Amino acid sequence: MSNADLDLVVEPRGPRPEPRRIAGSILIVAAVGLALGILLRQPTMMGANDISRWCTVWSLVERGTYVIDDCPWQSETQDKIQKAIGADGQGEKHYYSSKPALLSTVIAAMVYPARVIAGVPLEKVVLQEREPRWGQVPDETKPGKVKGVLTTPDQPVKWPVYIFYFKPVLIALNILPFWGFLVLFGRLLDRYAKTDWAWFFSLTAAAFGTYLLPFTQTLNNHTLAAFSAFFALYQFLRIWDEHEVSAWRFATVGFLAGFAATNELPAAAFVALLGGLLVFRFPAKTLAWFLPFAAIPILALMTSQYAAFGKFALAYEEFGTEAYLFEGSLWKTPLELDALNVPWLDPEEAARRGIVGESYGLYLFHMTFGHHGFWSLTPIFLFAAAGLVRLLRGSGKGAAALAVGLVVAGLGVWGVDLFRPDLLSSGGALHPYLWVGWVIAGLTALLGLVIWLNSIRDGGKPMAAVAWMTLALTLILFAFYTWNPKARNYGGATQGLRWLFWLIPFWLLMLPSALDAIADRPWLRKLAMLALFVSVLSVGYSTRGPWSNPWIQDMIEHMGLYSLRR
């Protein structure tokens, strides 16, 4: 069967073939068992990022407040702000987590019933006396000899109680969704992978070849956003490609996409793209079900932010202000990648301290093909890029090119307007007619979006709508993080470009199209296996601790090709 004929094959709807069923079950069990084993073995609190959220959970459960002053682990995180909450911003200052409040609030609600039933504080440490044991000590009566003595170690064994509260939370938020993700991804492969080669490779890549696996061991927002986005995509594909238009599917897509946006704020673009596509083709059900359910998690985020800070804005908005630069804050003397992200320093002061930022071009390179590169650390996505091109091919090339050009042009204008206002006015003050540029950018991007929607109004090629979303969201995110002055440190000490982890399911869905095309080309299959080898290597390198530098960065630092302040 030729590659051209493969595109015409009807997606299988019957029972999964026996080889796929057996191999798929083995792969999923192995990956989930590995993830669970790593989670149980690793420390529950791994670094500043997750400790910041655990402190809010502790404070809500034990003190009924978002103030984390009394949290026993508060000193171990730099991801916090210090400010006074009130109309005038005066009064006594307190510490708060700098993370969005919704996730911590949800976890506190999960933990609270167990805390009430057990009656044991989260911070309690149970001490267990050690048993006497035989040891060897020098024998004073016989030089060079030792003798056995029975001693009891002075230090008791310490059993932190929070482990028993928090580990089940991690299993519920990370391991169970990881299992569901692999199961449903396998079902999508039944529909979209035409060859066994593409089916087995794609499922193996999803199980062992992305950063979703190592990050299931730690509390974070990135895996939650990725799994939520995938589950939304799963139902979207049932609606878009299979015309399964039950109201509950629209509601599910809306809620999950909205929840993804509360965990990764740029995923609001995902909500907008989904809404635009669905309202264009199914206006009544989109307005009646998608939009209201998408609003629920977003309103929940706003409510929790207001409960924590008395306003809807996120703590991130105060990055570089006194709220972050309190006495003793590590942000006053940042090290390693954090030293690249000090927008509050004027150029002369930064030069005096030896802090040199990176150009936009260099920063973009390292986000794509450099030490934190989306494609260099996970090169299976190079093949996914080829699959994306195949899926877009033939779905209105002229309209597609025009749409992408207009959207990118609009984003470019926004990037200049929002992040470099000094280019448009003297002294860096906003020009009184700056809104005109924003309107032009918005209308340009909207025109591109309308052309795009019109080109796929009938549903288009299977998976093509997700391919368009993948392209648009990838461009949006790279533009956003390249020009955003408050996010110029690659996410800090972390394996991979964690800000883009929620796009991993999108790119995995692009794999089968490319792999089907090379199924009968041995040398390309060998290249794909090499890409999978490197991707799994990156995952293996990160399993000991996801809050650390990826192997490419460590390698080029040891070679003296890339230096950071340590």
Side-chain angles (χ1 to χ4, degrees), residues 53 99-110 169 171-185 187-188 212 216 219-307 312 314 465-466 469-470 472-473 476-477 501-506 508-509:
R53 288 189 170 91
K99 305 299 181 182
L102 178 60
L103 179 56
S104 300
T105 305
V106 171
I107 296 173
M110 296 169 64
V169 170
I171 292 172
L173 295 182
N174 286 342
I175 303 301
L176 293 180
F178 183 53
W179 167 77
F181 157 67
L182 293 177
V183 169
L184 294 183
F185 185 67
R187 293 181 183 178
L188 288 179
L212 295 182
T216 56
L219 178 61
N220 70 97
N221 57 298
H222 311 296
T223 52
L224 272 178
F227 296 140
S228 299
F230 170 78
F231 295 141
L233 282 176
Y234 181 85
Q235 295 300 337
F236 170 79
L237 285 168
R238 298 297 302 274
I239 294 171
W240 194 265
D241 285 350
E242 301 180 31
H243 213 77
E244 297 284 347
V245 292
S246 300
W248 69 268
R249 294 190 190 276
F250 287 83
T252 302
V253 172
F255 182 84
L256 291 170
F259 186 65
T262 66
N263 286 287
E264 292 282 8
L265 297 183
F270 177 46
V271 180
L273 288 174
L274 280 177
L277 285 168
L278 291 174
V279 80
F280 190 78
R281 194 172 174 196
F282 310 102
K285 288 188 175 179
T286 301
L287 295 175
W289 296 99
F290 174 89
L291 291 181
F293 278 84
I296 291 174
I298 295 173
L299 291 175
L301 173 63
M302 297 173 64
T303 301
S304 60
Q305 285 298 120
Y306 192 84
F312 299 122
L314 298 173
V466 175
M469 277 193 284
T470 302
L473 290 172
I476 289 170
L477 288 187
F501 284 178
W502 68 275
L503 287 186
I504 287 174
F506 291 78
L508 285 172
L509 288 171

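The first residue of the sequence shown is numbered 1, and numbering continues consecutively from there. If you're wondering where the values come from, they're calculated on a predicted model, not measured in any experiment. Atoms considered below: every heavy atom in the structure, side chains included; atoms not considered: hydrogens, waters and symmetry mates.
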Checklist entry - Going through the distances and angles, do F181 and L212 end up as a side-chain contact (heavy atoms from CB on, under 4.5 Å)? => result CA-CA 10 Å; F181 157 67; L212 295 182; 4.1 Å; yes

Item to check | Steps toward side-chain contact (heavy atoms from CB on, under 4.5 Å) verdict (V245, F250) | outcome: CA-CA 7 Å; V245 292; F250 287 83; 4.0 Å; yes

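Checked by atom type and distance alone, the side chain of R53 never pairs as donor or acceptor with a backbone atom of K99 at under 3.5 Å. Under the 3.5 Å distance criterion, the side-chain polar atoms of T262 are matched with a main-chain donor or acceptor of F259.
The structure places CG of N220 at 8.5 Å from CZ of F501, a figure rounded to the nearest 0.5 Å. Here the CZ atom belonging to F312 is positioned 10.5 Å from the CG atom belonging to L301, to the nearest 0.5 angstrom. With rounding to the nearest 0.5 angstrom, the CD1 atom of I239 is 8.0 Å from the OG1 atom of T252.
Of all heavy-atom pairs between P297 and L102, the closest is O-CD2, 3.8 Å. Scanning all heavy atoms of the two residues, the minimum distance from R281 to W240 falls at NH1-O, 2.8 Å. Of all non-hydrogen atoms in A229 and A260, the two that sit nearest each other are N-CB, 4.1 Å. Contact record, L173 with P177: O-CG, 3.2 Å, taken as the closest heavy-atom pair. Smallest separation of non-hydrogen atoms from R249 and E244: CD-O, 3.2 Å.
Applying the side chain to side chain donor-acceptor pair (under 3.5 Å) test to residues at least two apart or on different chains, none of the pairs has a partner in residues 284-305. Sorted by first and then second residue, the side chain to side chain donor-acceptor pair (under 3.5 Å) pairs with a member in residues 172-184 read N174-T223; sequence neighbours excluded.
Side-chain contact between T470 and L503 is absent, with no heavy atoms from C-beta onward closer than 4.5 Å. For the pair Y234/L256, no side-chain contact is recorded, criterion being any heavy-atom separation below 4.5 Å from C-beta on.
Aromatic pair F506/F270: centroids less than 6.0 angstrom apart.
For F178, there are no ring-ring contact (aromatic ring centres under 6.0 Å, His included) partners at least two apart in sequence or on another chain.
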